Amino acid sequence: MEQGLGSDSNHHGPIDKSRVLDVKPLRCLVPVFPNSSQGMSSISTPQPSPFVCVPPSGPFPSGVQPFYPFLSPNDSQNGAQQNQPANFGFGGSIPAPVPLNSFRTPTSHANGVTGRPKRVPKTRAFGSGSAAGDDDVYSDSQNQSDQYTSADMADTTNSGKQRGRPKRGRSGGPGEDFDVELLVNGFLTLFKLKEFDDFRRTNGDKDTVGTILLVFDMLRRRLTQLEESKGVTAGIARRPDLKTCNLLMTKGVRTNNTKRFGHVPGIEVGDIFFFRMELCLVGLHAPSMAGIDYMSVKVTMDEEPLAVSIVSSGGYDDDGNDSDVIIYSGQGGVQRRDGQMFDQKLERGNLALEKSLHRANDVRVVRGIKDIVGNGKIYVYDGVYKIQESWAEKNKSGCNVFKYKLVRVPGQAEAFSIWKSIQQWKDGTATRPGVIIPDLTSGVESLPVALVNDVDGEKGPAHFTYVSALRYSQPFSNNNKPFSGCHCLGGCQPGDTNCLCSHRNDGVLSYSSVGLLYTSKNLVHECGPTCSCPPNCRNRLSQSGVKIRLEVFKTKNRGWGLRSWDPIRAGGFICEFAGDVVKVTDGDFVNANDDDYIFDATRYYEPLELVRDSNKSKKAPFPLVVSGKNNGNVARFMNHSCSPNVYWLPVLRESNNDVFMHIAFFAIRHVPPMQELTYDYGIVMPENGGDGGKKKCLCGSDKCRGYYY
DNA sequence: GGTTGCTCATTAGC
DNA sequence: CGCTAATGAGCAAC
């Protein structure tokens with residue numbers, strides 16, 4: 001791996017001659033098997049099923065399922081059957097402020113359930129309309145007394161399961177005290193991964209890959225939140241990514257687990273990842289650490305190792321001009337403890353790359369890119385490459401290092417190259433083609449939002465005024481108890497038991513330090529005007545405006561749409577829905593049907609459906625309707641999809657007696673740059689004029705309902 | 001804000 | 001089948 005050399009010598013594209021002390025070409029062979037598919041016919045491993053390149057929005061050929069990323073309607077049945085929401089620690093029946101030690105798994109109880117306090121009648125927080133019913137989502141968590149332990153959280157689906165906390169690794173610190181096992185089992189049941197069979201374990205598809213990645217990241221975020229909320233840093237695992245992956249692996253929840261050459265079913269060129277473990281789980285690149293993945297194949301009589309994939313870990317701004325070429329360094333050569341260097345040996349991955357040069361087989365390439373926000377890395381699947389030449393050179397320490405030149409197989413979808421283009425648009429070294437207005441917000445947002453049309457001659461959408469926030473003519477509701485806010489002068493911190501806002505979110509913060517929604521709650525209490533914390537408090541995420549570089553663009557067949565130049569992580573905040581509040585309580589639906597830019601929270605919405613009782617599921621989730629027609633922000637351009645990559649969440653901000661609800665949009669899964677952002681518009685209930693105003697849905701998903709409102 | 005140190009999980013290969 | 005060596009990311013503390 002190039003990084004193992006402690007040198008960035010290969011990040012300068014064409015070889016930096018000044019650094020190369022002794023370059024001697026080894027060979028540059030014509031491939032032995034010009035037609036790689038024939039050449040590989042003797043490989044002992046079964047060939048992968050043919051790769052089908054499917055755009056995210058379809059259309060989907062038969063056999064290719066789009067990944068419906070959140071929850072299927074049937075899932076809500078689970079919760080309904082139990083007569084209790086399956087909330088897994090974040091659902092509808094929000095635990096009230098939980099003492100930190102409540103996360104401890106009871107050891108003295110035979111069934112693992114601590115004395116569950118009896119439910120007390122909930123009080124309605126907002127006296128705002130019959131639609132609220134008895135739903136938990138309308139309950140002020142401060143008034144709730146259901147103090148579930150984490151065991152309770154999942155026991156609706158795992159009543160008979162083993163209660164003993166598995167002792168894992170060097171556990172024993174307080175960090176292991178909540179029952180991870182139950183948490184995982186809850187997720188697996190919810191996403192129907194309990195009956196995961198060997199076929200799906202071996203052969204992925206879009207749906208399977210998507211579900212596994214979704215579960216991975218939801219679980220990872222949940223574990224991060226739980227560990228962080230304890231406010232203890234010593235003695236606990238600080239790598240929730242590793243822990244999550246290991247949990248899933250142990251349960252056999254993985255796919256494409258047999259190595260193969262070429263594309264991996266269910267993964268598209270351009271897909272992005274944020275952890276090496278994600279690559280591992282979906283079969284894109286098996287080793288958890290090593291940069292070269294290889295397998296032994298039978299060639300005529302004997303076997304030889306061939307490379308199947310590599311992960312390069314360069315920065316994308318110094319990779320040279322040609323984004324279709326990689327100069328990759330071999331692995332090894334460095335003594336880990338003291339960092340001492342030795343010559344690399346032609347073995348393992350290095351040998352496999354060398355052999356792959358001869359055999360000319362496809363090698364998958366995952367580009368590691370430094371994440372601008374945070375210290376992490378983003379992994380972009382850049383499709384398959386072929387190794388064109390190899391050589392050895394000496395590094396600074398005078399040790400031999402193998403170098404491999406990989407060239408991208410032509411005809412694949414744009415992936416890494418788009419990142420470089422975007423970087424150039426941002427730093428001004430290139431102009432985004434088709435730009436009509438560089439910033440349609442006229443400076444209202446802190447980042448410009450370009451208006452782009454590169455498909456036809458339309459010059460822009462109808463006129464509207466750009467506003468960055470929701471405009472209320474009256475508060476969403478009144479709270480009987482004045483809320484004076486929290487006193488976190490330096491911003492709300494996890495594990496601070498004195499933070500009033502944390503208490504209102506069940507004792508934990510809703511957002512991570514990098515602005516990710518920790519869990520799929522159905523309501524977030526953000527800090528309000530009367531809180532003492534600064535504007536950059538992490539509990540004010542949706543108030544801080546758009547932080548990603550968006551553009552409004554003309555779609556091929558769905559009018560204007562929204563997409564991002566920046567990659568968006570699962571759970572990442574995108575924007576709120578700004579506009580004029582049309583309705584906050586029951587009453588006649590105001591001019592909604594002739595407004596293409598309506599946001600209607602009263603609609604049936606499947607992710608929320610999960611945490612609802614089936615009898616109540618048809619009720620309007622939240623009595624809020626917003627029009628973005630005359631005044632609005634980027635959110636008004638987000639199109640509907642039945643397989644969305646974005647969903648919304650109501651966010652409450654309180655000011656003395658007044659409560660204001662805002663609508664915040666978050667990414668469901670990782671969204672690569674330039675992929676259209678869509679959410680499920682939901683279904684209009686008959687009492688709100690459903691069946692009227694149906695529009696033909698063009699989302700192209702095979703889960704498409706055929707229409708939307 | 002760069003650097004350093006620590007630890008982790010997976011798998012090839014014995 | 002069980003064990004071990006090889007591999008580098010991610011995070012936190014400096």
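Small disclaimer: the values here were computed from a predicted structure and weren't measured. Protein chains get the first letters and strands the later ones, always in sequence-line order, with residue 1 at the start of each. The figures that follow rest on heavy atoms only: side chains count, while hydrogens, waters and symmetry mates do not.
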Examine [N]: is either OP1 or OP2 under 4.0 Å from a nitrogen or oxygen in the side chain of [X]? Give yes or no.
| X | N | result |
| --- | --- | --- |
| A:R254 | B:dT11 | yes |
| A:S313 | C:dA9 | yes |
| A:Y294 | B:dG13 | yes |
| A:Y379 | C:dG10 | yes |
| A:K259 | B:dA12 | yes |

Q.
Can you work out whether A:E347 or A:G376 has the more 5'-proximal nearest nucleotide on DNA chain C?
A.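 It is A:E347, whose closest nucleotide lies nearer the 5' terminus.
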
Spacing between [X] atom [atom1] and [N] atom [atom2], to the nearest angstrom:
| X | N | atom1 | atom2 | value |
| --- | --- | --- | --- | --- |
| A:Q331 | C:dA9 | CD | P | 12 Å |
| A:N257 | B:dA12 | CG | P | 11 Å |
| A:K370 | B:dG1 | NZ | P | 16 Å |
| A:N350 | C:dT7 | CG | C1' | 12 Å |
| A:D241 | C:dA12 | CG | C1' | 14 Å |
| A:R348 | B:dT10 | CZ | P | 19 Å |
| A:K243 | B:dT10 | NZ | P | 14 Å |
| A:H285 | B:dT11 | NE2 | P | 11 Å |

Q: Answer with base, sugar-phosphate or nothing: what part of the nucleic acid does A:D293 contact at a heavy-atom distance below 4.0 Å?
A: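 Contact class for A:D293: none.
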
Q: In sequence, state the C-alpha distance, the side-chain angles, and the governing distance for A:R260 and A:R364, and then conclude on side-chain contact (heavy atoms from CB on, under 4.5 Å).
A: CA-CA 10 Å; A:R260 67 200 76 199; A:R364 291 189 297 274; 4.1 Å; yes

Q. Among A:R367, A:H263, A:H285, which residue meets the side chain to side chain donor-acceptor pair (under 3.5 Å) test with A:Y381?
A.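 Exactly one option meets the side chain to side chain donor-acceptor pair (under 3.5 Å) with A:Y381, and it is A:H263.
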
Q. When A:L188 is tested against each of A:L183, A:L247, A:L219, A:L248 for side-chain contact (heavy atoms from CB on, under 4.5 Å), which residue passes?
A.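 Single side-chain contact (heavy atoms from CB on, under 4.5 Å) partner of A:L188 among A:L183, A:L247, A:L219, A:L248: A:L248.
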
Q. Distance under 6.0 Å and angle within 45° of the ring axis: does A:R221 meet both against A:Y518?
A.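 Because its charged atom misses either the 6.0 Å distance or the 45° angle limit, A:R221 does not stack over A:Y518.
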
Q. Any side-chain heavy-atom pair from A:T255 and A:N203 closer than 4.5 angstrom?
A.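 Heavy-atom side-chain distance check fails, nothing below 4.5 Å.
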
Q) Counting side-chain heavy atoms from CB outward, which of C:dT7, C:dC11, B:dT10 is closest to A:N246? A)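 The listed nucleotide nearest to A:N246's side chain is B:dT10.
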
